[in-house]
Structure formats: C-alpha cells, structure tokens
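One structure is given below, encoded as structure tokens.
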2 protein chains.
Amino acid sequence: MIVEDDQEIRNSFSLIVNSSQKFTVVNAYGNCEEAIAALHRDKPEIVLMDVELPGMNGIQGTKVIKDKSPHTDIIMVTVYEDSELVFEALKAGASGYITKSANYMELLSALEEIVKGGAPMSSRIARMVIDNFHVNPNSPLTKRETEILQLISEGKTYTQISEELFISKETAKTHIKNIYSKLQVNSKSEAIAKANLEKLI
Amino acid sequence: MIVEDDQEIRNSFSLIVNSSQKFTVVNAYGNCEEAIAALHRDKPEIVLMDVELPGMNGIQGTKVIKDKSPHTDIIMVTVYEDSELVFEALKAGASGYITKSANYMELLSALEEIVKGGAPMSSRIARMVIDNFHVNPNSPLTKRETEILQLISEGKTYTQISEELFISKETAKTHIKNIYSKLQVNSKSEAIAKANLEKLI
DNA sequence: TAAATTATCACGCATATAGGGGTATTACGT
DNA sequence: ACGTAATACCCCTATATGCGTGATAATTTA
C-alpha cells in the first residue's frame, strides 16, 4: 500500500513497485484516513508511508496502522532526514526509512530487505540510529559515580544501592550528591533524564 | 586494522581487504592489547574488531580505541547476533556490525559504507536495532497516564507536572499512584526503568 | 619524588518531596 | 446504563535532598 499525497510521486512509486516481479500495489492513497479505513480490505503486507500528509501525519498514521495491523511492515518515505522525525517514526513502529530521492533499485531493494526480515535505511539514517546508541566517552562522572547512576536508573533506592555496592547509605548519598552537582540536577529522575540525554550510561 | 584471534580468519580478512583497490590493511593483531598499543603508530581509519578475544574482549577494546582515537570507525565482526552483545558493542562505540560469515563482497561493501558515513549492519542486526525503538502499542496505561509518565521521565516533580498539565497536585499524585499500581512499582525511578524496559514511552 | 588532586568513605540535622491508603465527583464513550 | 478515565482532597509516613564537616586511599601532575 502506498500513502503519499503528491500524485506524481504516488504514481511513480506504483509503477516501480508493479514493474517488479515480486511486488504488487494493492492500493495507493493520498492520506492516512483513507488508508486506515481501507486497511481491513486491502490487507497490505508493506506500507510505503509519506511523513508530511494533509490531515493525520505519517507518524500518527504509522501508530494507528501498527495498532490495527501489527504484522504490516511500514517503510517511511520522506524528503527530510531530521533526526527527531526519524526517531519519532521509528518509535511509532516504522521498520524502514528511505528518502524520496530513492531510485528504482533502492525502492525495490528496500522492499526485498523488509520481506527478508531486515530494516532498510539510508546510510545517513543508519548512522544516525547507531550513533544514538553510543555512550558519551567524555562523561564528567567518575567510574563509581557512573556505576551509581546506573543503579539509580534501574530504580534502586539509597539503601539498595548501598547494599549492592557494599558501602554505607551515607556514602551512597555523598556520591549521589556529587553526581547531582556535576549534572546540575536535584533529583534522581532529573539525573536519569540528563544521563539519557547526554548518553552517560 | 584487524583484531581477530583466529589466524586463518585474520589472514583471510587481510587478503580480502588488500585485494581491493580502495583499502589497505595497516596491521592485524590477535588481541586488543597489542592493537591498542600500536594505535598511535598504525593510525587506522577503520578497525575490524572481533568480539570474542583472549584478554580484553572486543567490546572493552572498542571503548578504549574510541577513547584514544575517536575518529577511528569500528566494525564489529562476530559469529553471534545475540542482542545484548550487539547493544553493548554499539554503546561502546561501534559503527557497524557484521557476521563472520560475511563474504568478500559483504566485507568490502561494509568498508565502503563506513567511509561514506553509513553504518553497515546485517539484516537481522538492523531489524534488532530498529525494533529496539518501537514503543509498545499494548501499554496498560491510559493516554493521560502515559503523558504523566513521560513527564516523570523528564525529571519533573509532582508540582511541575500539575502545573504543566493544569491539574491539581493531588490529581497528578492520583495518576502517579495508578501508574505505580499498573506497573507494580513504587517510585518514580522504578517507573522510568520499567517504562524503558517495556517501551511504554 | 613530593605535592596536589580526585575518589572513596562516613555522620548529622532540617526540610522538601514522594508514597500509601482512602474516598468521591464528573465526563465520556459504548 | 455502565464502566472507565480524569479530576480532586485528606491524613500519615517514608524517603530523598540540602547543607555542613571531615578523613583516608589512590592516582596524577609538577
């Protein structure tokens, strides 16, 4: 299924997909609302989803489609490679992310990749996604502080932390105070938020 | 640079890389310690790193190399596609992840992919990584509760949450109590931990 | 090698915030 | 009409946080 508001692009994608031996377009829509309404009829295995759409956008649409039809794989197709949008789309349930500049080959190989259980992405998206995992090697925290921050992020209390590390509760407290001071926060939850933001753990 | 303890594989990789027009092996080592010691001499642009190694393992080694030489890209090469190992390697700073079964073409195209700023991965790894972003569509929480959990994860206090949502502090508290009961936790940090684990936000 | 810094450890008191248990009203969608 | 979600309040206790003080071990730097 194709969801794309630009008629030219929509037709071009349809032609490319239908020209392949393996894939067939069941239907193409100009907005998510129509696509969602037709979901139970069309039963698409793969959806090529535009991000910018009139009405419901492609990210919200992805959520709804994944909710109604969890086994349908969704590939986002967009002009932008803005990192926030990418991550939002992935959180929403997209399994691939390619750009509109994708040519014949790239589009079809993305479909191939999906059916064989992969996750097609452009080079830049792949790097963006991988970079998102990298832990900051320039953390201001000491090893011990990082260790304690890790335990905080696991939901441990002062007492649990002190027991786990065989130190007194007061010592745990001192470490946590130092962590707060370095991260300029003043609660566990804030510390966790900052730790995730700056990839300290 | 190649770091791989099995001499046969090491030689085979060296041959493949050197056979290409674009790439040259500066050195190949059987363990991380030697590789790290030679880092400033060899100045590799790319390291092909085995995971299982005698002495320091490939993940620790990746951390050290990225720390000493941040611009060196590291591609993990392994027989296993165990999800925990993959994520640990990515956190440590790896920019690619391929399997030892990779043939001539796959190995060289991984190198190509790295130099053009991408992140080469096998299909399964790519899917694993993407799936890691997907938010659980079967959350037991209501929309409002999810919204509040989101604010908790941003480090907000009861008061801040109530102000942000234009509700009373007591209402925020009630929602949070309900969240705790549904997630079977009893603190903000634990709630955040569970939320991340079960991808509720 | 000596000096300095950093990491680790420890205690006490006052206050703020969070958590546990209960109860209740209103609004909305099926 | 009913269940669920969202709103709100009360009382009490537990935990965490802020601020101060100080000491020893380990590591780095001069």
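Letters go in sequence order (proteins before strands), and every chain restarts at 1. For clarity, every value in this text was computed on a predicted model and none was experimentally measured.
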Next item on the list: With rounding to the nearest 0.5 Å, note down the distance linking OG in Ser109(A) to CG in Leu107(A).
Entry: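 Ser109(A) OG to Leu107(A) CG: 8.0 Å, rounded to 0.5 Å.
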Margin query: How long is the straight-line distance from CG of Asn136(A) back to NE2 of His134(A), given to the nearest 0.5 Å?
Written below: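 It comes to 12.0 Å.
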For [X], run the side chain to side chain contact (heavy atoms under 4.5 Å, CB included) check against [options] and tell me which one passes.
X	options	answer
Cys32(B)	Leu53(B), Val64(B), Val47(B)	Leu53(B)
Glu147(A)	Arg144(A), Lys143(A), Glu145(A)	Arg144(A)
Ile74(B)	Ile65(B), Ile114(B), Ile46(B)	Ile65(B)

Note to self: Give the residues of residues 152-175 of chain A touching DNA chain C, defined as any heavy atom closer than 4.0 Å, sorted by residue number.
What the structure shows: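 Contacting residues: Ile167(A), Ser168(A), Glu170(A), Thr171(A), Lys173(A), Thr174(A), His175(A).
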Notebook entry, point to check: Going by heavy atoms closer than 4.0 Å, what residues in residues 176-191 of chain B are next to DNA chain C?
Noted result: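 Per residue number, the list reads Lys177(B), Tyr180(B), Asn186(B), Ser187(B), Lys188(B).
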Note to self: With a 4.0 Å cut-off on N to O distance, would you call Asp73(B) and Arg127(A) a salt bridge?
What the structure shows: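 Salt bridge flag = yes for Arg127(A) with Asp73(B).
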Check: Are the charged groups of Asp6(A) and Lys100(A) less than 4.0 angstrom apart, N to O?
Finding: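 No.
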Next item on the list: Write down the distance between CG (Leu141(B)) and P (dA5(D)), rounded to a whole number of angstrom.
Entry: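 Nearest whole value for this atom pair: 10 Å.
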Checklist line | Distance in angstrom units between Glu147(B) CD and dA6(D) C1', rounded | finding: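 The answer, rounded to whole Å, is 11 Å.
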Going by atom type alone, with no hydrogens or angles, which donor-acceptor pairs under 3.5 Å involve a side-chain atom of residues 189-196 of chain A and a protein atom two or more places apart or on another chain?
{"from": "Glu190(A)", "atom 1": "OE1", "to": "Asn186(A)", "atom 2": "N", "distance (Å)": "3.3"}
{"from": "Lys194(A)", "atom 1": "NZ", "to": "Leu183(A)", "atom 2": "O", "distance (Å)": "3.3"}
{"from": "Asn196(A)", "atom 1": "ND2", "to": "Ile192(A)", "atom 2": "O", "distance (Å)": "3.2"}

Next item on the list: Would you mind listing every ring pair (Phe, Tyr, Trp, His ring centres under 6.0 Å) that reaches into residues 60-97 of chain A, with sequence neighbours excluded?
Entry: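 For residues 60-97 of chain A, and leaving out neighbouring residues, the ring pair (Phe, Tyr, Trp, His ring centres under 6.0 Å) pairs sorted by first residue read Phe87(A)-Phe133(B).
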Next item on the list: Go through the side-chain N and O atoms of Thr171(A) and Ser168(A) and say whether any donor and acceptor fall under 3.5 Å apart.
Entry: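 The answer is yes; a qualifying pair exists.
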Check: Can a donor-acceptor pair be found between the side chains of Glu81(B) and Thr99(B) at a distance below 3.5 Å?
Finding: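 Side chains of Glu81(B) and Thr99(B): no pair found under 3.5 Å.
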Notebook entry, point to check: For the helix from dT1(C)-dA30(D) to dT30(C)-dA1(D), what is the angle between the axes at its two ends, each from 5 pairs, rounded to 10°?
Noted result: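 Inter-axis angle at the ends, rounded: 70°.
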Next item on the list: Using a 4.5 Å cut-off on heavy atoms from C-beta on, say whether the side chain of Ile98(B) contacts that of Ile125(B).
Entry: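 No; the side chains remain at least 4.5 Å from each other.
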Item checked: Min side-chain heavy-atom separation Val129(A)-Val129(B) under 4.5 Å ->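 Side-chain contact under 4.5 Å: yes.
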Checklist line | chain A contact limits on DNA chain C, taken 5' to 3' with a cut-off of 4.0 angstrom to heavy atoms | finding: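 The protein-touched segment is dA7(C) to dC13(C).
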